[in-house]
Amino acid sequence: MTNAEIKQADKDLIWHPFAPLISPFEYIPIKSAKKARLFTHGGKTIIDTVSSWWVNIHGHSNEHIANAIHKQALELEHVIFAGFTHEPAVKLAKNLMTILPDNFSKVFFSDNGSTSIEVGLKMAFQYWCNLGQENRTKVIALDGAYHGDTFGAMSVSARGGFTKPFFPFLFDIESLDFPTEENFEQVLAHFDELTSDEKCAAFIFEPLVQGAGGMRMYSPEMLQKLVALAQSKGIICIADEVMTGWGRTGTNFATDQIEANPDIMCISKGITGGSLPLGITACNKKIVDAFQSEDLEKALLHGHSYTGNPMICAAANASFELFQAQECKDNIQRIHNKHQAFIEQLKTFDNIENIRLTGTIVAFDLKGFGETGYDSEARKKIYPYFLERGVLIRPLGNVIYLLPPYVITDEELELVYETLLGFLREG
Ligand SMILES: Cc1ncc(COP(=O)(O)O)c(C=O)c1O
């Protein structure tokens, strides 16, 4: 098909995510991609600074992952995961156990970040049911959170433009102010109160960095205090590592930077290196013990058709091998160092504020854009500005951030930084 034919058919037939049907933007047909670069049908190159929605940690069209999928597809492409098991799934579980907290003992497979959250919530609720405490139904979540688009995940996410039509269908939660250096004492006192409620079941959080909420960052010390306090009262702590996992914050998982371990971890995005969709909900022995029963009523009655798909597990195992290699660790550190140096340049601009860095994520806020939501004027102006210059940057309201694939080269990073600085100079 020609570039024009693809665009027309897309416009006629396809409903894209997170966008009005009459879109201010044209969808750009991408023909191929390699490492940090996307190649359009029209012959342009675009540097992907957002790892294609934060999934693509090893870069695009990675050969090691592609070969693993190909090989697996010819041997066992799929099998029902009820009543059967297979080596790729078992191997993945074993691989995960080598990087999950020591007291973790089981993994549950689903299809994406949102479903990993659904499973995490169901595990937490049913944990209390299985212990005979059905009244424990309250969840505490951080203000500004984004945990996904299914109903449970929406319920524990911030109420806002994304979820407005569904407010009547979402379950109530307790919202905790986002912790900052200024408000932390009050936040901790409020958290103490909320976790003392005998109806309190779980605390869910994006550790260290709130992604879609605007790359908002908070310290490991604060997170440690929150998790330790919740666990001292037996509250189940659910770490949503969907975005922060796989080295994004500098450690394998963001919660590796605190002493306490969560009870449940939700993992997705980077797990297959951005090749195929997979959600994992992992949990510790405490959770597992509450389900150790032959009684079907005490079983977690949840599953999806593609649960544990062998090709997806093979992709995740291949991605895991790349992730464990020294080269990947070096790249994470290299990007962090480059961002750090870039921050010094950013500090010279007075049209931005809140410059922040965690691991491979650098972010700052643009001043002077009144509206800061997803659909803000800032986004409508900035997104096309960078695309025209061959750089994919998707601002979150007035927040500009970089979250690149780990294989991005120094030269590509320099080009992205220069383009950003040029934009800031233009004011
Ligand atoms: C922290 C977090 N949790 C959950 C999700 C939902 O993941 P998915 O889009 O794969 O359903 C996202 C997606 O951006 C996320 O950033």
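Remember, it's 1-based here, ligands and their atoms both numbered in the order they're listed.
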Heavy-atom nearest neighbour in the protein, as seen from atom 2 (C) of ligand 1, with distance rounded to 0.1 Å: D240 OD2, 3.4 Å

Shortest protein contact, atom 10 (O) of ligand 1 (heavy atom only): G113 N, 2.9 Å

Axial cation check for F323 ring with K329, 6.0 Å and 45° limits: yes

Identity and distance of the protein heavy atom lying nearest atom 4 (C) of ligand 1: H147 O, 3.2 Å

Numbered atoms and elements of ligand 1 in range of E206, under 4.0 angstrom, heavy atoms: 1 (C)

Step-by-step salt bridge (charged side-chain N to carboxylate O under 4.0 Å, His left out) determination, R356 to D365: CA-CA 9 Å; R356 49 202 183 271; D365 302 352; 2.9 Å; yes

S114 near ligand 1 by a heavy-atom separation under 4.0 Å: yes

Row check, Y218 ring normal vs R216 NZ/CZ: under 6.0 Å, within 45°: no

Ring geometry between F169 and F151 (parallel below 30°, tilted from 30 to 60°, perpendicular above 60°): perpendicular

Minimum side-chain heavy-atom gap F423-I400 below 4.5 Å: yes

Backbone or side-chain N or O of W54 under 3.5 Å from ligand 1 N or O: no

Interfacing atoms of ligand 1 (cut-off 4.0 Å, heavy-atom, M243): 16 (O)

Mutual orientation of the aromatic rings belonging to W54 and Y401 [parallel < 30°, tilted 30-60°, perpendicular > 60°]: perpendicular

Steps toward side-chain contact (heavy atoms from CB on, under 4.5 Å) verdict (I69, L276): CA-CA 9 Å; I69 297 170; L276 290 169; 3.8 Å; yes

Protein contact of atom 5 (C) of ligand 1 - nearest heavy atom, named by residue and atom, plus distance: V242 CG1, 3.7 Å

Aromatic ring pairing H16/Y27, orientation class (parallel under 30°, perpendicular over 60°, tilted between): parallel

K269: numbered ligand 1 atoms lying under 4.0 Å from its heavy atoms: 12 (C), 13 (C), 14 (O), 16 (O)

Atom 12 (C) of ligand 1 - nearest protein heavy atom and its distance: Y146 CE2, 3.7 Å

Sub-4.0 Å heavy-atom approach of E241 to ligand 1: no

